[in-house]
Amino acid sequence: MRVFVTGASGWIGSGVVPELIAAGHQVVGLARSDSSAAALAAAGAEVQRGTLDDLDTLRNTAAASDGVIHLAFKHDIAFSGGFQAAADADRRAVETFGEVLMGSDRPFVSASGLGGLTPGRVVTERDGHRLDPALAAMGGGPQTRQATAELVLSYASLSIRSSIVRLSPTTHGDGDHGFMAALVRVARENGVSGYIGDGTNRWPAVHRLDAAHLFCLALAKAQAGSTLHAVADEGVPIREIAEVIGRHLDLPVVSISPEAANDHFGFLGGFLGLDVPASSALTRQLMGWQPTQPGLIDDLDQGHYFTASLSGVGGSRVRN
Ligand SMILES: NC(=O)c1ccc[n+]([C@@H]2O[C@H](COP(=O)([O-])OP(=O)(O)OC[C@H]3O[C@@H](n4cnc5c(N)ncnc54)[C@H](OP(=O)(O)O)[C@@H]3O)[C@@H](O)[C@H]2O)c1
């Protein structure tokens, strides 16, 4: 297949591209900068220069492809107060792909998130498909993003083999600049490794390469309208994460009260206390997907999070 990948130079995309090429596909990657273009070319992909806002470029490149994997997201503006604008741009890109792929039966795989769909209980692939009308009426980036995921799924009725891959909030691995790296940075800065309350609240997790493999499987064989979960660890208690970080940095592991969480953790304070476990049982059954990379605790224990001077979300590579 000739596969158009947006976000091909990103954290997950840079895992997807080599796997597609190794499987014999031809990859066309969207690149908005010289450095991203160079990285894609070095990985063996064809480069399509452009941004998420160049809708004609998205349209023409998708039209000349046998399938699309959509991973690009404007994290740079999303994490500096512009989440709604980022979600709006994502929506326009998805609408453009829908127009061009309509009636083609070609695969269209789009990234999505798991955050907050059914807090406090294990979210499955069947959950999260009804938008809360009250929240939807209020608008807001996260609602827009969830609605966009539903739009992707609705393309099944337009003869597009569309699917969404909901990513764990921590998609970890060597080189991660996301939430785990941010947590390590916060621990370093505060001289303690913290968790909120009793720290029993859980986060799902997946290794970047296992997530990348799921995107490739979805491209190859997901049925139209599939919701897939890139979840290897159903729910890792935040306290366990804090303990590994404390051990590696030789820092005390302490409970932070919910009231002090924002002061202590900065922007992470709004997320770290959430209990958001997620299942991938259906995904494994449907796709034959089996994570093979280290789980989150083992990955943290490998030490790479503690050797580099990682800045975490807000650094050069940011994501949600
Ligand atoms: N990683 C996670 O833990 C996680 C969790 C939940 C959901 N997700 C979702 O999964 C998808 C991929 O995430 P990721 O972690 O791979 O993100 P990432 O590392 O931040 O990569 C984002 C990609 O989008 C590209 N991009 C950003 N703005 C663009 C623009 N205006 N025009 C064209 N391309 C643009 C970036 O290009 P440059 O290389 O030039 O910057 C990069 O290739 C995103 O939709 C993300 O929200 C990720």
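Ligands are counted one by one from 1 in listed order, and the atoms in each one are counted from 1 as well.
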Nearest option to atom 29 (C) of ligand 1, as decided by whichever heavy atom of R32, M180, H70 sits closest: R32
The option among G10, S14, A37, A31 carrying the non-hydrogen atom nearest to atom 42 (C) of ligand 1 is G10
Taking the non-hydrogen atoms of R145, is any one of them nearer than 4.0 angstrom to ligand 1? yes
Side chains of Q84 and D88: any donor to acceptor distance under 3.5 Å? yes
Would F306 and I245 count as a side chain to side chain contact (heavy atoms under 4.5 Å, CB included) if you check the C-alpha gap in whole Å, the side-chain angles of each, and the deciding distance to 0.1 Å? CA-CA 8 Å; F306 310 101; I245 293 174; 4.2 Å; yes
Could you tell me whether ligand 1 has any atom less than 4.0 Å away from a heavy atom of A78? no
May I ask whether S112 has any heavy atom positioned less than 4.0 angstrom from an atom of ligand 1? yes
Could you list the atoms of ligand 1 found under 4.0 angstrom from a heavy atom of L71? 11 (C), 12 (C), 44 (C), 45 (O)
Looking at every heavy atom in both Y305 and G173, which two are closest together, and how far apart are they? OH-N, 3.2 Å
What are the atoms of ligand 1, with element, lying closer than 4.0 Å to any heavy atom of A111? 10 (O), 11 (C), 45 (O)
In ligand 1, which numbered atoms sit nearer than 4.0 Å to a non-hydrogen atom of L167? 5 (C), 6 (C), 7 (C), 8 (N), 9 (C), 10 (O), 48 (C)
Taking N or O atoms only and a 3.5 Å limit, does K74 qualify as a polar contact for ligand 1? no
Report yes or no: does a heavy atom of P169 sit under 4.0 Å from some atom of ligand 1? yes
We want to know whether D66 and H25 form a side-chain donor-acceptor pair, criterion being a heavy-atom distance below 3.5 angstrom. no
Just by distance, with hydrogens left out, do S14 and R208 show a side-chain donor and acceptor under 3.5 Å apart? yes
Between W11 and ligand 1, is there a nitrogen or oxygen pair with a distance under 3.5 Å? yes
Presence of salt bridge, R59 and D54, under 4.0 angstrom: no
Using a 4.0 Å heavy-atom cut-off, say whether S9 meets ligand 1 through its side chain, its backbone, both or neither. both
Under a 4.0 Å threshold between the charged nitrogen and the carboxylate oxygen, would E243 count as salt-bridged to R239? yes
Only one of V206, T171, L214 passes side chain to side chain contact (heavy atoms under 4.5 Å, CB included) with I12; say which it is. T171
So, is T51 polar-close to ligand 1, with some N/O to N/O distance under 3.5 Å? no
Can you tell me which portion of S36 lies within the under-4.0 Å heavy-atom range of ligand 1? Options are side chain, backbone, both, or neither. side chain
Before giving the answer on side chain to side chain contact (heavy atoms under 4.5 Å, CB included), spell out for F179 and F267 the whole-Å C-alpha distance, their side-chain angles and the decisive distance to 0.1 Å. CA-CA 10 Å; F179 287 144; F267 85 97; 3.6 Å; yes
Is there a polar contact, in the sense of an N or O pair closer than 3.5 Å, between L52 and ligand 1? yes
Heavy atoms only, cut-off 4.0 Å: how does S35 contact ligand 1, side chain, backbone, both, or neither? neither
Are H304 and D176 close enough that a side-chain donor and a side-chain acceptor fall under 3.5 Å? no
Lys/Arg-Asp/Glu bridge criterion (N-O < 4.0 Å) met for R166, D127: no
Would I12 count as a polar contact of ligand 1, with the cut-off being nitrogen or oxygen pairs under 3.5 Å? yes
